[in-house]
Amino acid sequence: MSIELAARIPAQRVSDWVRACPKAELHVHIEGTLEPELIFKLAGRNRVTLPYASAEALRQAYAFTDLQSFLDIYYAGASVLITEEDFFDMAWAYLSKLHQQGAVRCELFFDPQTHTERGVPVSVVMAGLTAAVQRAQTEWGMSVALILCFLRHLSEDEAQTVFTQALPFRDQFIGVGLDSSERGHPPSKFERVFARARAEGLHIVAHAGEEGPPDYIWQALRLLKAERIDHGVQAVQDPELMRHLAEHQIPLTVCPTSNIKLCVFDTLRDHNLKVLLDAGICATVNSDDPAYFGGDLMDNYLLPMQALQLTPQHLHTLAANSLRASFAPPALVQQWLTQLDDCTRAFASA
Ligand code: ADE
Ligand code: ZN
């Protein structure tokens, strides 16, 4: 088994090995990949005025105290997205970076309500994002899929409205999720719209247990029938939930650098990623909003490795978990897992 071979990878080759490993990113908000330079370029193109003098001044404002303090600035940044070309440019810029980090699969979140609220139709959002998804497939053979997220600080009626608007594009996204301000907005608020999404055959994910209590994770599983939990790090407060996640291999899409920037943990040394892995939970690592948090997918493997003394076997498990937890066709997942084994074997024996 190549997982044991991972132990033989020399420390100075770990970074190259992680880059070469096939892996999936399962938790990244496309609006959270918008770099300040691109925000300014799109603002100029669309004649949108920003309350910052330059990209550098905007970046200086990225000092967050919690999830809400980040979301306020994140929604302001997304206000420069108006045309199909803007959505294409944003997604293409991110997928290009991700391709260089060895990702073979990406499941991209998008927040249509952030745009429909400003008068940008769902059709424009879908056209731009889908063009980038298809180009990544044809140019690099990268497998990319879209997941539509409902904003939980808005009402369920508003989620129903945007879902109705998105249904003509049903074949362009594979699932629905739930994001934005968690506290005070439990999954139970969205039971009916998620039932509708399930009836459409869509995959179900939900942010839960980022800042919110373990009960929100239970609700996401029991009421929304979530197949994966985004974040989920608060599960450690509930031993029964930890056992349930491990027993049913319900994946968690953990975002270590995000959790530090949003003060979920004080430092990476305090993060519970290793606790989750050692409990047998199918944890994965992801970048969440890399333009705002400054950590790309590779960083989310390598920085916790240093801080938590993760072994190369842990990293191999994280990459394998990301592939198994993806919604890609099972035959493709199997092919990637074989490639991952081959990659680890090659680096261990070189
Ligand atoms: N939207 C973008 N990033 C998010 C996060 N970390 N939590 C909730 N909603 C988000
Ligand atoms: Zn997120």
Side-chain angles (χ1 to χ4, degrees), residues 24-35 39 62-79 81 90-91 94 98 106-117 125 129 145-154 158-159 162 175-187 189-190 203-213 216-217 219-220 224 226-235 251-265 271 273 283-297 299-300 322 325:
E25 168 132 88
L26 304 178
H27 183 159
V28 57
H29 302 260
I30 194 58
E31 294 88 353
T33 70
L34 203 46
E35 295 287 346
I39 291 180
Y62 293 177
F64 312 114
T65 49
D66 60 7
L67 175 58
Q68 193 58 52
S69 66
F70 153 69
L71 290 171
D72 293 341
I73 209 159
Y74 160 88
Y75 294 127
S79 69
L81 295 159
M90 169 174 63
Y94 184 64
L98 195 58
C106 178
E107 296 179 11
L108 268 181
F109 295 148
F110 68 108
D111 289 341
Q113 286 160 292
T114 302
H115 314 301
T116 52
E117 271 197 330
V125 179
L129 297 181
L146 297 171
I147 296 180
L148 181 161
C149 287
F150 300 117
L151 297 182
R152 68 202 302 161
H153 67 275
L154 300 178
E158 286 164 291
V162 81
V176 298
L178 186 65
D179 65 2
S180 192
S181 322
E182 186 179 12
R183 287 197 185 115
H185 301 286
K189 187 175 154 187
F190 295 93
H203 286 291
I204 304 294
V205 299
H207 283 53
E210 177 183 13
E211 289 183 338
Y216 284 16
I217 302 177
Q219 287 189 26
L224 308 186
E227 298 162 76
R228 277 195 320 237
I229 297 293
D230 297 313
H231 293 293
V233 290
Q234 304 301 337
L252 300 186
T253 63
V254 178
C255 303
T257 57
S258 161
N259 291 155
I260 305 313
K261 295 291 174 173
L262 300 187
C263 308
V264 174
F265 299 93
H271 201 284
L273 176 63
T284 67
V285 288
N286 306 272
S287 69
D288 207 7
D289 300 284
Y292 291 89
F293 305 146
D296 61 22
L297 183 61
D299 292 329
N300 279 283
S322 77

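Remember, it's 1-based here, ligands and their atoms both numbered in the order they're listed.
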So which bit of [X] gets within less than 4.0 Å of ligand 1, heavy atoms only: side chain, backbone, both or neither?
X: Asp111; value: neither
X: Phe70; value: side chain
X: Glu210; value: side chain
X: Glu31; value: neither

| query | Is the Zn ion (ligand 2) under 2.8 Å from any N, O or S atom of Asp289? | reply |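 Here the distance criterion (N, O or S atom, under 2.8 Å) is not met by Asp289, so no.
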| said: Please determine whether His231 has a backbone or side-chain N, O or S atom lying under 2.8 Å from the Zn ion (ligand 2). | reply: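 Coordinating: no.
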What protein heavy atom is closest to [atom], reported as residue, atom name and distance in Å?
atom: atom 3 (N) of ligand 1; value: Asp289 OD2, 2.7 Å
atom: atom 9 (N) of ligand 1; value: Ser180 N, 2.8 Å
atom: atom 6 (N) of ligand 1; value: Asp288 OD2, 2.7 Å
atom: atom 1 (N) of ligand 1; value: His29 CE1, 3.4 Å

| said: Taking a cutoff of less than 4.0 Å between a non-hydrogen atom of the residue and any ligand atom, is Gly32 in contact with ligand 1? | reply: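 Under 4.0 Å: no for Gly32.
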| query | His231 heavy atoms, cut-off 4.0 Å: which ligand 1 atoms fall inside? | reply |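 Result: 6 (N).
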| message | Under a 4.0 angstrom heavy-atom cut-off, which atoms of ligand 1 come close to Leu71? | response |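 Ligand 1 atoms under the 4.0 Å threshold to Leu71: 1 (N), 10 (C).
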| message | Just to verify, which of Thr33, Asp299, Asn300 counts as forming a side chain to side chain contact (heavy atoms under 4.5 Å, CB included) with Pro290? | response |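 Of the listed options, the one satisfying the test is Thr33.
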What is the minimum heavy-atom distance between [X] and [Y], and which atoms define it?
X: Pro187; Y: Leu178; value: CA-CD2, 4.1 Å
X: Tyr292; Y: Tyr62; value: CE2-OH, 3.3 Å
X: His185; Y: Tyr216; value: N-OH, 3.9 Å
X: Leu26; Y: Ser322; value: CD1-O, 3.4 Å
X: Ser258; Y: Asp288; value: OG-OD2, 2.8 Å

When you measure from the side chain of [X] to the backbone of [Y], do you find a donor-acceptor pair of N or O atoms at a distance under 3.5 Å?
X: Gln113; Y: Val162; answer: no
X: Thr284; Y: Leu252; answer: yes
X: Glu210; Y: Glu182; answer: no

| Looking at Asp288, which of its N, O or S atoms is the nearest one to the Zn ion (ligand 2)? |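 Closest N, O or S atom of Asp288 to the Zn ion (ligand 2): OD1.
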| task | Give the atom name of whichever N/O/S atom in His29 sits closest to the Zn ion (ligand 2). | result |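 Closest N, O or S atom of His29 to the Zn ion (ligand 2): NE2.
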| said: Working note: Asp66 + Cys263, criterion side-chain contact (heavy atoms from CB on, under 4.5 Å); need CA distance, chi angles, decisive distance, verdict. | reply: CA-CA 6 Å; Asp66 60 7; Cys263 308; 5.8 Å; no
